[in-house]
Amino acid sequence: MSTIKVSVRVAGKGELRKLRLSPSSDILVALKETGHSPETVVVRLNGRIVPETEKLSDGDEIEIIPIVSGG
Amino acid sequence: MLRCSFCGRRAVYHQRTSGVLMCDRCLIRSVERRFQQTISRYKLIAPNDRVALAVSGGKDSTALLYLMAERCQRYDCELITITIDEGIRGYRDLCISLVKKNAKALGLEHVVVSFERAFGSGLDRIAALLKDRGIEQGICTYCGVLRRSLLNQVARELGADKIATAHNLDDEVQAIMLNYIRADLSRLHRLGPIYRKREGFVPRIKPLREIPEKEIALYTLLRGFEVNFSSCPHIGGMRVKIRNFINELEAEHPTTKYMILRMFDRLRPHLSDALKEFNMRRCQICGEPTPSDVCRVCELLEQVGLERREKTLISEKQKELWRRARPGG
């Protein structure tokens, strides 16, 4: 398989984004693609909280939870 | 699947500053240990202290609420929770209901004081007044100055020995850099794990100061606390730029935040030498402590045609009810 397909959703926002990534990609790659800093988010992969260095597989669902609220 | 470097369970977090992977249990233990260590190292809480805890309903203050409640049960300190309602529609009102729920679950007294009551206007209206009058002063300055002042006043009226705030590593590092850039030595000097007692001011402590924001967020999620992750609609200004810059640096060079904090902590004891001694006076308008003739709160309020409404925020009746509710009261 030359690429894998994953879906990315930001918690609290409805929009679902599909990404095509190289098979060895980890979550950090998906965060970079979607313009998120690993310092400011927590990530759920298929419903579980995981480190951003976790490798991705075809069909994975990523949920990004922004944690920097401020105020 | 990545595994915890300590126990081999499924990892939830990669701590890039140390290179270790942590599972949910090890991360929770690690956060709790650093919270306890910070209190012990800097002697933040003495036995039988009455601690006023500033709780907004966000992740940091909710984590601190549970950590402090658990500590106070074991070490015999007294906890009061205070929420300042700045009057930010669709944001703070949601947070307050969460704080009420959490405080009730822990059996803690919860006091809410609003800008509306203290100054006759909430933050949303102050923002509109600034715009109407063409004043360039940032709304976050108003919020910070008015909130800190109210918190100090309420804590003092409730007889608190300390005010605990939920500033995390990221908040502290941003504040250090912000004050460097603004060349504000006086404010820089006030940062640190504890800002000791001066006349009219309750000492402030920061037990989460050495824990990164991300680890606190994970802690609240993993412990299943109900918190508000939404953003304040007024957020902006230089702090956001500094936050983004530091986060970019940290992503490329892990430990940047700790290095900034450690360097500041080494400099901090020498900052007092560079500052002029000043005597605390009373504000000529409101009577609150200030190094000037008029306090910063009254200065800011005057710009938008407002003033402090009440000298006392906690009534004698409320204080009496509070005394009776306390164990042994």
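Order of the sequence lines fixes the chain letters, A, B, ..., with proteins taken first and strands second; residue numbering starts at 1 for each chain.
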| request: Report the option among A/Val50, A/Ile65, A/Val43 that has the most heavy-atom pairs separated by less than 4.5 Å from atoms of chain B. | output: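 With the most close heavy-atom pairs to chain B, the winner is A/Val50.
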Quick check on [X] against chain B: is it the side chain, the backbone, both or neither that has a heavy atom closer than 4.5 Å?
X: A/Leu28; value: neither
X: A/Thr40; value: side chain
X: A/Glu54; value: both

| query | Does a sphere of radius 6.0 Å around CZ in B/Arg9 hold more than 12 heavy atoms from other residues, nucleotides or ligands, not counting ones at 6.0 Å or beyond? | reply |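 Yes, the 6.0 Å shell around CZ holds more than 12 heavy atoms from other groups.
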| message | With a 6.0 Å cut-off (strictly less than), is the heavy-atom count around CZ of B/Arg239, excluding the residue itself, greater than 12? | response |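 Atom CZ in B/Arg239 is crowded, with more than 12 foreign heavy atoms closer than 6.0 Å.
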| request: Could you check which of B/Arg10, B/Lys257, B/His234, B/Glu250 has the highest count of heavy-atom pairs closer than 4.5 Å to chain A? | output: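 Result: the option with the highest number of such pairs is B/Arg10.
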| Taking the six-membered ring for Trp, are B/Phe225 and B/Tyr66 parallel (under 30°), tilted (30 to 60°) or perpendicular (over 60°)? |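 The arrangement is parallel - the two ring planes meet at less than 30°.
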| request: Mind running side chain to side chain donor-acceptor pair (under 3.5 Å) on B/Ser56 and B/Ser61 for me, showing each step along the way? | output: CA-CA 6 Å; B/Ser56 67; B/Ser61 65; 3.3 Å; yes
| request: Ignoring hydrogens and angles, tell me if any N or O in the side chain of A/Asn46 forms a donor-acceptor pair with the backbone of A/Asp60 under 3.5 Å. | output: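 Checked: no pair found.
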| Contacting moiety of B/Leu21, where chain A heavy atoms sit under 4.5 Å |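 Side chain only.
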